[in-house]
Structure formats: structure tokens, C-alpha cells
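Below: the structure, in C-alpha cells.
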Amino acid sequence: MAETVNYDHKEIEPRWQKRWEQDGLYEANIDPQRPKYYALTMLPYPSGDMHIGHWYAMTPSDARARFMRMRGFNVLFPMGFDAFGLPAENAAIRHGIHPKEWTFANVARMRQQLRTMGTMFDWRREAVSADSKYYKWSEWFFSQLYKKGLAYRKMSPVDWCPHCNTTLAREQVWGEDRHCERCGTPVIKKNLEQWFFRITQYAEELLDFSHIDWPERVRTLQQNWIGRSEGASVVFHTEQGDPLEVFTTRPDTLWGATFMVLAPEHPLVKKITTPAQKETVEQYVLQATRQTDIQREAAEKEKTGVFTGGYAINPVNQARIPIWIADYVLMTYGTGAIMAVPAHDERDFAFAIKFGLPIIPVIARSDGLVKSCVLKSEVQEGFEPALRAAAIPFEADQAGWLVTPRLDQVSAYREIARQYLAKDGWIELVGAEWAFIFGDASLEWDSVEADREILQRCQARRPALAGCRTVMEMLWQNEWYRDTLYHDQFGMMIHSGEFSGTPGETAKRQVIDWLEAQGIGKGAINYHLRDWLISRQRYWGAPIPIVYCPTHGAVLVPDDQLPVLLPDDVEWRPTGESPLKLHPTWKKTTCPICGGPAERETDTMDTFMCSSWYHLRYLSPDYDAWPFDPVEYDYWMPVDTYTGGIEHATMHLIYTRFFHKAGRDMGIMKGPEPMIQLRNQGIILGEDSEKMSKSRGNVVAPDDLVERYGADTVRAYLMFFARWDMGGPWNSSGIEGTARWIRRVWALFTETPAAGAPDPQARRSLRRKLHQTLCKVTHDYESFEFNTIISALMELLNEMYRLRDLGVANTPEWQEALDLYLRMMAPSCPHVTEELWMRLGKPYSIHQQAWPQVDEEAAAEAEITLVLQVNGKVRDRIQVPVDITQEQAQAFALASEVVQKHLGGKPPRKVILVPGRLVNIVI
RNA sequence: GCCGAAGUGGCGGAACAGGCAGACGCGCACGACUCAAAAUCGUGUUCCCUCGGGAGUGUGGGUUCGAUUCCCACCUUCGGCACCA
């Protein structure tokens with residue numbers, strides 16, 4: 001064996017990287033003989049420098065792709081660049097470099113850095129989205145979507161970043177202050193003609209995750225984002241006779257709809273507003289549309305709104321109810337109009353209390369809570385003893401009684417109330433039971449008319465209530481009642497005509513059926529998901545292949561004229577307008593239909609459009625007849641394993657699914673989903689536990705680490721230092737552990753074995769540990785538990801060091817251990833294992849070797865440690881053969897001195913035997 | 001407010017399916033080698049203790065012979081959504 005030399009990553013790593021590239025070791029080609037495996041990791045944006053986060057995302061993914069390759073799969077593991085986007089333009093503005101130049105220089109630099117990681121990327125398949133031979137097909141996909149009616153243009157209020165001078169998609173607006181994802185500037189609303197993709201058409205299908213193995217977290221995020229609500233759409237009519245459709249999730253509360261609210265932008269607002277209200281309404285509308293979202297937020301959710309003067313008819317009970325407008329109703333959801341049920345909707349309740357609109361409870365409380373506050377002046381002597389006699393719970397104070405009858409005591413309580421009521425007094429019950437007991441009558445609070453009558457009677461009796469506009473407002477003044485007045489639970493319907501008494505479980509369904517039978521409404525489903533806004537008023541993106549002709553309107557650029565190329569000579573300084581708009585000639589063109597003069601669309605596409613199909617371009621980046629080579633597609637697709645950050649859950653990961661499904665419906669793609677298995681890595685924070693950022697100065701530069709420790713050490717440390725899906729704060733001293741491990745591997749594998757008489761026991765131990773480790777490492781690679789892979793290998797190494805001193809180093813078992821150890825280590829540390837593999841005289845390359853098979857027999861334990869417990873506490877441990885019988889185990893346990901001592905002569909009451917693990921003696 | 005994830009030594013983390021808590025590593029302490037340092041190697045390292053033991057996986061309860069693991073309530077941290085009718 002070669003003389004011992006020190007481990008020198010600087011010599012080893014570049015040498016093997018060069019050799020692998022020369023040999024095309026990682027080139028993946030179609031091979032029908034072998035099962036394919038498409039491993040994909042999210043492509044980076046070429047921001048200039050590789051971040052440790054890129055390494056964290058890519059190297060464990062690479063290790064797993066290598067593992068799959070050793071397991072016999074034909075693995076495709078490609079890489080590319082998501083190269084369009086704002087930072088290129090911002091850099092251009094700041095440093096005066098052309099975005100194209102800046103981007104491609106960064107791509108070149110990052111490509112270099114990526115190569116130092118020792119990954120198995122097949123670079124022949126690299127794709128760069130800003131390359132015209134790539135974006136030609138992004139444009140082509142736009143055309144396909146347009147032809148299919150999935151791309152459309154509309155005037156729409158959109159989020160606009162005043163710093164980036166562009167619109168943003170809903171998911172690119174972050175945080176409570178609604179700031180731009182890229183630059184942090186709070187966004188404003190603008191009304192613009194914009195292009196959208198009709199992703200909402202796929203909302204229902206996107207909720208179906210049955211074909212994919214994705215983390216629960218991602219599925220939940222997508223589910224919430226899509227936000228499906230089941231309910232009914234119900235048609236009200238204005239007094240003028242115009243239909244006014246609303247969506248509600250609670251058709252069972254229809255009888256409690258005491259007013260309606262329209263979004264300020266609602267088209268009917270003008271028509272229903274009465275002359276008297278005209279000015280107020282116009283002012284409110286103006287103010288609402290002018291306000292930015294931040295201003296709306298700043299209002300602390302205090303409800304605002306104005307009455308239009310118009311009325312609608314509630315179709316279930318013909319009640320005439322006022323129509324208001326308020327900005328808490330959004331034009332973008334449902335129909336932009338709601339029926340307000342203030343008794344059972346929190347927002348409507350707040351609005352009604354503020355503006356004095358009537359609130360009628362129509363759903364009974366299901367918790368049975370009933371409250372009745374009785375003032376001394378309202379009752380005669382004997383009230384309290386009567387309560388006591390009936391065992392009705394109450395608290396007394398100077399002013400009176402706070403009575404809380406149980407539901408089964410309510411009728412008894414009503415009787416007492418009637419009996420002891422003072423002249424001109426009244427008593428109310430609130431909560432699960434609503435009643436107003438006057439001397440001459442008990443009034444049901446079941447309609448707006450009843451509300452008025454009850455209020456009048458109360459006000460007549462107590463002038464202090466003169467300021468109250470509704471019964472609920474009166475009750476609301478009593479602090480003690482507050483938690484009992486409003487709820488949004490399902491429950492038995494009350495005050496709802498013939499539906500009163502319908503139980504909560506079936507109410508919704510029954511009302512929907514009835515609405516359908518009556519022809520006034522039907523079951524309906526609504527989604528929070530909005531159509532995907534793709535227009536960006538920027539230069540550095542794929543052009544939207546549309547031409548505007550004065551006679552023919554928006555016309556697609558014919559496929560044979562694609563790509564619409566970006567001009568190089570643009571003025572990119574920020575003006576608030578798209579640089580393409582300011583270009584002197586670029587937008588001037590001719591209409592593809594009539595040949596007359598026409599103008600190009602000057603907006604470009606959201607970069608998420610480009611990244612929605614990059615996994616297809618990788619298949620054949622130079623193919624020019626189609627976005628991808630169908631032969632490659634049929635072999636490689638779908639992606640078997642996709643890895644990347646969870647931050648894309650509601651952006652890229654929804655878009656790419658939509659894209660695939662739309663493509664499938666157009667006959668371009670195949671199968672239900674583009675990516676079968678998804679796994680997310682966590683985020684590495686700075687050593688200060690804060691997000692890494694240049695301004696904080698806590699950024700960990702991978703290049704420095706590679707220089708100092710080598711790529712293998714950095715790779716292993718990234719696998720070892722945390723659970724991969726969790727991430728966590730970086731710890732710079734921890735890497736010493738993996739560095740030491742690799743040095744110890746190197747030392748053991750390059751030393752000349754000492755002669756010695758092999759101990760048969762040690763030889764067996766070595767094989768046992770070796771195959772146990774193999775079993776664990778195999779399992780952990782399969783389930784992405786990278787940290788325990790490295791720790792298992794460290795354990796095995798420690799054991800090998802121990803056994804080496806017992807003379808096993810000259811045995812076949814030792815040779816087997818060296819061989820398997822390197823194979824197991826190869827995916828995580830490709831360079832050092834290749835080097836040691838060569839030094840052991842084995843055939844090039846270790847990365848073309850098969851993953852070893854576990855020898856179950858060798859891995860089996862001969863002896864086990866039997867834990868002896870007394871009353872569930874560990875008292876002793878003994879070594880016993882694995883095949884020991886239950887009786888023997890019990891006998892051994894009782895024979896233990898320590899156990900006997902703890903038994904203290906008492907007989908065991910019970911003995912629990914867990915085969916192969918423990919004996920628990922209960923006394 | 002709603003939804004989700006996570007709380008284990010000084011630190012990162014481990015524990016298959018209810019059965020030995022703290023694997024592996026960092027750090028630290030002591031020792032060996034060295035003139036010395038680095039590197040390397042060895043030993044120890046949850047806490048308390050009267051050296052018999054006792055306590056201990058965010059907190060408080062519960063189920064069980066036995067709970068980091070299951071159930072209930074709560075606290076803290078992180079992430080997402082947020083006037084979505």
C-alpha cells in the first residue's frame with residue numbers, strides 16, 4: 001500500500017472533478033434497460049455568489065441522487081438558472097451594467113462555484129431561462145394558454161411596487177404592511193390593463209393531492225391558499241328589481257340577514273344610490289379606491305361604510321333591508337356583495353353595532369348558556385327566595401341579580417319572572433333562550449318589527465335607553481351580556497319561519513335544497529385563489545407575444561415568428577414606465593392579420609412563468625422543434641423527487657402544477673402531476689440565529705469553507721449538522737467534527753495494517769456493526785434523514801478503530817468493511833471516497849459501483865441486553881442470548897441480586913415480559 | 001384572530017411501532033505526545049447527592065406495569081394566512 005500521506009483536499013478534489021468531467025461520468029442518457037429516476041432540485045437565481053443555502057439545498061439532494069444511482073437507477077440530475085428578474089435591472093440601474101451582461105456573468109461565476117461542490121449534475125442539460133432559445137418557448141407556452149382561453153387581459157386593480165415600478169402577483173406581496181417581496185417597499189393599488197392566467201379554473205383539481213407524495217405542510221399551505229368555501233349563492237333583488245347575487249357559507253342564517261353590503265366598486269352602487277345619499281356615497285367610493293392597502297390596514301380594522309339609500313328584498317321572508325357599501329366587502333371575492341347576518345358573523349356584528357342596524361339571532365346557542373340581569377326596581381319582594389326555592393343559580397349584588405338558569409330551568413324561571421315582575425318592569429333572557437317578559441306579554445325577538453316594538457317598550461320604561469337604536473345595542477351596553485350575544489356556531493335554526501327548529505347538523509343542506517326548489521339560490525363553491533397576474537412593466541423578462549392592432553385588437557404573434565426578442569439597446573433607468581415602452585422602435589410592428597401598423601405589448605412575463613416548465617427544458621435544452629424532445633419526455637417524466645425550499649409552496653409549487661395540468665389538457669404534457677415526491681430543506685440562519693443578510697454581516701460564504709476544509713467536509717457537515725427539513729443556525733465550530741471524521745477515515749484507510757492474531761469474536765463484531773450500519777444508512781437515505789447517515793458512519797468508524805487493535809486488520813472481514821464503508825460514504829463525500837477507492841486498488845469509479853446488500857444474518861445480534869425493572873424503574877441490566885425463552889428471562893431477572901434487593905423479599909405481583917427488551921417486575 | 005410546525009444536557013441533535021433518555025458531534029475539563037503550540041491520541045462530561053440513591057425530555061393533569069412517544073388543558077418560539085362573506 002502507498003505510504004501514508006496526509007489528506008489534502010486541495011489536491012484531490014479538483015483532480016477528480018476534472019477526471020469525472022472528462023469521462024462524462026455523470027451524463028444521463030435514455031436507457032430503456034434501466035429504471036429511470038428524475039431527481040430535481042430547484043434552480044437558483046444567478047444573484048452573483050453562491051450562498052451556503054444553495055449548498056444546503058443542493059448537496060444533500062446530490063447525495064441522494066448518487067445513492068439512487070448506486071441502487072441501479074438511471075438518474076437524471078440537472079441544473080440551470082432562473083435568469084430573468086428584477087435584481088438584474090436593479091443592478092443595471094445601480095452599476096450601469098447591462099442586465100444581460102450582469103446576468104450571464106453571474107451565471108458563469110455560479111457555474112464555476114457549483115462545480116466545486118462535486119455534484120453529479122449533467123451539465124449538457126443546463127438551461128438558462130434568459131437565453132432566447134429558452135424564452136422562445138416561454139412565449140410559445142403563453143400562446144398556447146391564450147389559444148386555450150387560459151390567458152386573458154383585463155383592467156384590474158393590482159398591487160404596484162413604486163420602487164420596482166412594476167405590478168406584483170398577490171403572493172409577491174408580503175407581511176402585514178403589504179410590502180414588495182423583493183425590495184420591501186409597501187405596495188400601492190393601481191388600476192391597469194393586465195394579463196392573467198386562469199389558474200382558478202384548476203382550483204378544484206389543485207386541491208387533489210392524491211397522486212403526489214408531498215409534505216403535509218406544503219399541502220396544507222396550498223389548501224389554505226386555494227381556500228375552498230362551500231355554501232350557496234342566493235339571488236336578492238333591489239327594490240328597483242335588479243338581481244343582486246351574494247355568496248354565503250351560511251345559508252342557514254338567511255332569515256337573519258338584516259341588511260346588505262356591497263363593495264364600493266360594485267357596478268350596482270350607482271343605480272341604487274338615492275339622490276339624498278349620492279354625495280356621501282360618491283365620496284366614500286372615491287376615498288376607498290384611492291386608499292392604499294396600508295392605509296386600510298392602518299385603520300385598525302374599524303369598520304367604515306355608508307348607506308346608499310337603496311333597499312333589497314330578502315327572498316326568504318320578503319323583508320325590506322337596507323343596502324350599504326363598505327370596504328370590508330371585497331370586489332375580488334364572491335360577487336362583491338354580501339348579505340349581512342350580524343347575529344352570526346363577527347364583521348357584520350361590528351358593523352351593525354357601529355351603525356345601529358338591527359341584529360336578529362336566528363341560530364340557537366348550542367352550549368345552553370342563558371343569562372338574565374335583573375334590576376331591583378324590576379321585581380317585587382320575594383324574587384330572590386323564589387330563585388332559591390327553584391335552585392336557579394344567581395349572584396346578587398346591590399343593583400340586583402345576575403341569573404344564569406340552566407336550560408331545563410328556563411320555563412320555571414320565566415314563570416318566576418312573570419310572577420314577581422314589578423308594575424312596568426321587564427325582564428329579558430339572553431343567550432340560548434331569547435325572551436322579553438313584560439307585564440302584559442312575553443315578546444319574541446324574531447324580526448325587525450319585533451326589534452322595534454321591544455325597544456320602544458323598554459325605552460318607554462327607562463328613558464336612559466333613548467339613545468339606543470336597536471335591542472342588541474341596548475343589550476350590548478350591559479358588559480355582563482357581551483360574551484352571550486354573538487356566536488358563529490352551527491345550531492338549531494330559530495326565528496326562521498317554517499325552518500325554525502331545524503337542527504344545526506342538517507340546516508345548511510336543507511336550506512340549500514329548499515333554495516334550489518324555490519329557484520332563488522343554489523349550492524355554490526368559492527375559492528380564495530385568484531387568477532395569476534403575469535404582466536410586469538419591466539425589461540428583463542420574457543416578452544408577452546402579443547401585438548395590438550387598431551382594427552384587430554390584441555393579436556398573438558404567430559408561432560413561426562417566435563421568439564419576440566428583447567432589444568439590447570434600452571434605457572433601463574427607472575421612469576415608472578416599462579423600458580420597452582420607451583424604446584424608439586421596438587414596439588413598432590405590423591399586425592399579423594392585416595399587415596397594418598401595430599404595437600407590441602411592452603410588458604414582460606413574471607419569472608414564475610419561466611420556472612413553471614424548466615424541468616422540461618432540461619430534458620433537451622437545444623431542441624428547437626418543440627419546448628422539449630417528446631422522446632426524452634416519455635422516458636424521464638414525471639420528476640420522481642423534487643427538492644427545494646418550502647417558501648415556494650404558494651408560488652412556484654402551485655404555478656408549476658397548474659402549468660402541468662393546463663399543458664396536459666392541451667395535449668402537451670402527460671399524467672396528472674409534474675413532480676411526484678417533494679421534500680423540503682429548512683433554512684440555515686446566521687450564527688446569531690438571524691436570517692443571513694449582507695447588511696447583518698452574518699453571511700457564511702461557502703467558498704471560504706471549501707478552501708479551508710474541502711467540498712467533502714462541507715457536504716458532510718451540511719448533512720450532519722441539523723435535520724435537513726428543519727435547518728437552523730449555522731455553527732462554525734461544528735464543522736471541525738466532520739473534518740476530523742474525514743481525516744480519521746483517511747488515516748485508517750491509508751495506514752499499513754498491523755500484524756496480529758485475529759480475534760474471532762472481533763471479526764464477527766465487525767461484520768455485525770458493518771451490516772447494521774448499512775441497514776441504517778440505506779433506510780436513512782430513502783427517507784431523507786441525512787444527519788443520522790453521517791452519525792452512523794462515524795459510529796462504524798469508531799468501532800473499526802477499536803477492532804483494528806484486536807487484530808482484525810488482516811482479515812477478509814476487514815477488507816469487506818473497507819469496501820462497504822467507502823461505498824456507503826461515496827454519495828456524501830464523492831472525492832475522498834474516489835481517491836481511497838483508487839488507493840485500495842479498486843476499479844474506477846466508485847460512483848459506478850452498486851449499493852451493497854445487507855447481510856441480515858451478519859447484522860443479527862447474538863446477545864442482547866435485557867433490562868430488568870422493578871416497578872418500572874431500571875435496576876439492572878444483564879447480557880442474555882437473543883433466543884432466550886420468556887421463562888428463562890423471568891428466571892434470570894429474579895436471580896439478579898440487585899433486583900432481589902429492590903424486591904425486599906416481597907413476592908412479585910405481576911411480571912411484564914417484553915421479548916428481547918426487558919422484564920418489569922411489579923410488586 | 002385562524003391554520004401549521006417545534007420545545008430533550010453548555011450547544012447542534014439522537015431515540016424503529018409505548019420499553020435502557022441524551023447515540024453521533026461541538027464545546028469544556030483532565031491526561032499523553034511536544035521545548036512549546038497546533039494537530040493527534042486517551043479519559044470524563046444531564047443535574048443533585050449523605051455514594052444507598054434521587055430528580056429529569058416547555059408547564060400542569062390523565063391513561064399505562066412503564067410515557068420524549070398516546071390523551072386533555074396551558075405556556076413559549078417560529079412559519080404561513082388574515083375583513084375571503
Side-chain angles (χ1 to χ4, degrees), chain A residues 6 171 174-176 215-225 227-229 231 246-250 253 261 263 296-297 299 301-303 326-330 332-341 345-348 350-351 488 526-530 646-647 649-650 682-683 685 689 717 720-723 725-738 740-741 743-744 747 775-776 779 785 787-798 801 865-877 901 908-923:
Chain A
N6 286 332
E171 41 282 338
W174 287 9
E176 228 164 276
E216 175 92 46
R217 271 167 82 200
V218 176
R219 299 201 315 258
T220 308
L221 283 169
Q222 294 203 346
Q223 256 164 28
N224 293 346
W225 186 260
R228 183 181 197 273
S229 304
V246 299
F247 172 73
T248 174
T249 55
R250 294 297 301 271
T253 64
V261 188
R296 283 196 193 185
E297 289 288 324
K301 295 187 180 174
E302 173 72 26
K303 295 277 177 293
D327 64 5
Y328 83 90
V329 175
L330 309 175
T332 46
Y333 184 76
T335 60
I338 61 158
M339 63 169 201
V341 183
D345 180 280
E346 208 179 345
R347 297 149 303 178
D348 297 345
F351 194 80
D488 58 8
N526 251 294
Y527 304 91
H528 294 191
L529 186 71
R530 306 286 150 81
I646 199 166
E647 67 273 15
T650 56
I683 298 169
L685 303 171
S689 297
Y717 184 57
F720 177 69
F721 99 106
R723 255 179 67 174
D725 58 338
M726 301 288 263
W730 178 258
N731 179 331
S732 53
S733 61
I735 196 170
E736 292 292 344
T738 38
R740 210 165 282 153
W741 169 54
R743 279 198 297 268
R744 274 163 57 81
C775 183
K776 176 157 183 61
H779 167 268
E785 293 167 50
N787 53 343
T788 46
I789 290 170
I790 305 297
S791 67
L793 289 172
M794 286 172 168
E795 257 185 82
L796 175 56
L797 187 71
N798 292 345
Y801 264 99
T865 305
L866 192 66
V867 172
L868 308 182
Q869 296 184 334
V870 177
N871 284 341
K873 290 197 174 172
V874 179
R875 294 303 177 182
D876 201 4
R877 297 181 174 97
K901 196 184 76 185
R909 210 153 49 82
K910 197 173 171 187
V911 178
I912 314 278
L913 289 153
V914 182
R917 287 193 190 270
L918 60 76
V919 180
N920 184 14
I921 299 162
V922 185
I923 51 172

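Chain letters run A, B, ... following the sequence lines, proteins first, then strands; residues in each count from 1. Values reported hereafter were calculated over all heavy atoms of this structure, with side chains retained and with hydrogens, waters and symmetry mates removed. Note that this is a predicted model, so its numbers are computed, not measured.
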Return the nearest nucleotide to the side chain of A:Val914; candidates are B:G19, B:G12, B:A85.
B:G19

Heavy atoms from C-beta onward define the side chain here; which of B:A14, B:A23, B:G80 lies closest to that of A:Asn787?
B:A14

Between the protein and nucleotides 65-69 of chain B, list every N/O to N/O distance that falls short of 3.5 Å.
{"residue": "B:C65", "atom": "O2", "partner": "A:Asn920", "partner atom": "ND2", "Å": "2.4"}

Got a second to check how far A:Phe720's CZ is from A:Ile790's CD1, nearest 0.5 Å?
8.0 Å

What orientation do A:Tyr717 and A:Trp730 show, parallel under 30°, tilted 30 to 60°, or perpendicular over 60°?
perpendicular

Side chain of A:Thr788, heavy atoms from C-beta onward: which of B:G12, B:A14, B:A85 has the nearest atom to it?
B:A14

Starting at atom CZ of A:Arg917, determine the distance to atom P of B:A15, rounded to an integer number of angstrom.
14 Å

Is the backbone of A:Asp488 close enough, under 3.5 Å, to the side chain of A:Arg250 for a donor and an acceptor to pair up by distance?
yes

Let me confirm one number: the CZ-CD distance from A:Arg877 to A:Gln869, rounded to the nearest 0.5 Å.
9.5 Å

When the distance from CG of A:Asn6 to P of B:A38 is rounded to whole Å, what number comes out?
18 Å

Whole-Å P distance, B:C35 and B:G53
47 Å

B:A32 and B:U77: how far apart are their C1' atoms, nearest whole angstrom?
45 Å

Reckon A:Asp348 touches a base, only the sugar-phosphate, or nothing at all at heavy-atom distances under 4.0 Å?
nothing

Look at all strands and tell whether A:Phe247 reaches a base, only sugar-phosphate, or nothing, counting heavy atoms closer than 4.0 Å.
base

Rounded to whole angstrom, note down the C1' distance from B:G25 over to B:A14.
11 Å

Please determine whether the number of non-hydrogen atoms from other residues, nucleotides or ligands lying under 6.0 Å from atom CD of A:Glu346 exceeds 12.
no

Donor-acceptor contact present, side-chain A:Tyr801 to main-chain A:Arg744, <3.5 Å
yes

Any chance CG of A:Leu913 has more than 12 other-residue heavy atoms, nucleotides or ligands included, within less than 6.0 Å?
yes

Of A:Thr249 and A:Leu918, the one whose closest RNA chain B nucleotide lies more 5'
A:Leu918

Starting at the 5' end of RNA chain B, write a dot or bracket for each base, bracketing those in Watson-Crick or G-U wobble pairs whose two distances are under 3.5 Å and using | for partners on another strand.
(((((((..(((......[....)))((((((.......))))))(((....)))..(((((..]....))))))))))))....

Check the pair A:Thr738, A:Phe721 against side chain to side chain contact (heavy atoms under 4.5 Å, CB included), reporting the backbone distance first and the verdict last.
CA-CA 9 Å; A:Thr738 38; A:Phe721 99 106; over 6 Å; no

How many angstroms lie between CG in A:Leu868 and CG in A:Leu918, if you round to the nearest 0.5 Å?
8.5 Å

Taking the C1' atom of each, how far is B:C16 from B:U69, in whole Å?
12 Å

Residues that A:Arg875 engages under salt bridge (Lys or Arg N to Asp or Glu O under 4.0 Å), provided they are two or more places apart
none

Separation of B:A39 P from A:Glu736 CD (nearest whole Å)
7 Å

Test log, rule side chain to side chain contact (heavy atoms under 4.5 Å, CB included), inputs A:Asn920 and A:Lys910
CA-CA 8 Å; A:Asn920 184 14; A:Lys910 197 173 171 187; over 6 Å; no

For B:U76 and B:A21, measure between their P atoms and round to the nearest Å.
32 Å

Which part of the nucleic acid does A:Arg744 contact within heavy-atom distance under 4.0 Å: base, sugar-phosphate only, or nothing?
sugar-phosphate

Quick check for you: to the nearest 0.5 Å, what is the distance between A:Glu795 atom CD and A:Asn798 atom CG?
7.5 Å

Between A:Arg250 and B:A85, does any side-chain N or O lie under 4.0 Å from OP1 or OP2?
no

Separation between the C1' atoms of B:A17 and B:G4, rounded to whole Å
25 Å

Between B:C20 (P) and A:Leu866 (CG): distance, integer Å
12 Å

Tell me the interatomic distance from A:His779, atom NE2, to B:C16, atom P, rounded to whole angstroms.
10 Å

Let me know the distance between CZ of A:Arg740 and P of B:G42, rounded to the nearest Å.
11 Å

Do side-chain atoms of A:Asn526 reach the backbone of A:Ser229 as a donor and acceptor pair under 3.5 angstrom?
no

Could you say whether A:Thr335 or A:Arg723 is positioned toward the 5' end of RNA chain B, judged by the nucleotide with the nearest heavy atom to each?
A:Arg723

B:G13 to B:U50 separation - P atoms, rounded to the nearest Å
35 Å

A:Phe720 CZ to B:A14 P: how many Å, rounded?
10 Å

Dump every N/O contact between nucleotides 2-4 of chain B and the protein below 3.5 Å, one line per pair.
{"residue": "B:C3", "atom": "O2'", "partner": "A:Asn224", "partner atom": "ND2", "Å": "3.3"}

In whole angstrom, give me the gap between the C1' atoms of B:A39 and B:C33.
11 Å

Distances for protein N/O vs nucleotides 48-54 of chain B N/O pairs under 3.5 angstrom?
{"residue": "B:G54", "atom": "OP2", "partner": "A:Arg875", "partner atom": "NH1", "Å": "3.3"}

Starting the side chain at C-beta, find the nucleotide from B:G80, B:G12, B:G25 nearest to A:Leu221.
B:G80

Please list, in numerical order, the residues of residues 726-733 of chain A that have a heavy atom closer than 4.0 Å to any atom of RNA chain B.
A:Met726, A:Gly727, A:Ser733

Rounded to the nearest angstrom, tell me the gap between atom CG in A:Leu796 and atom P in B:A23.
18 Å

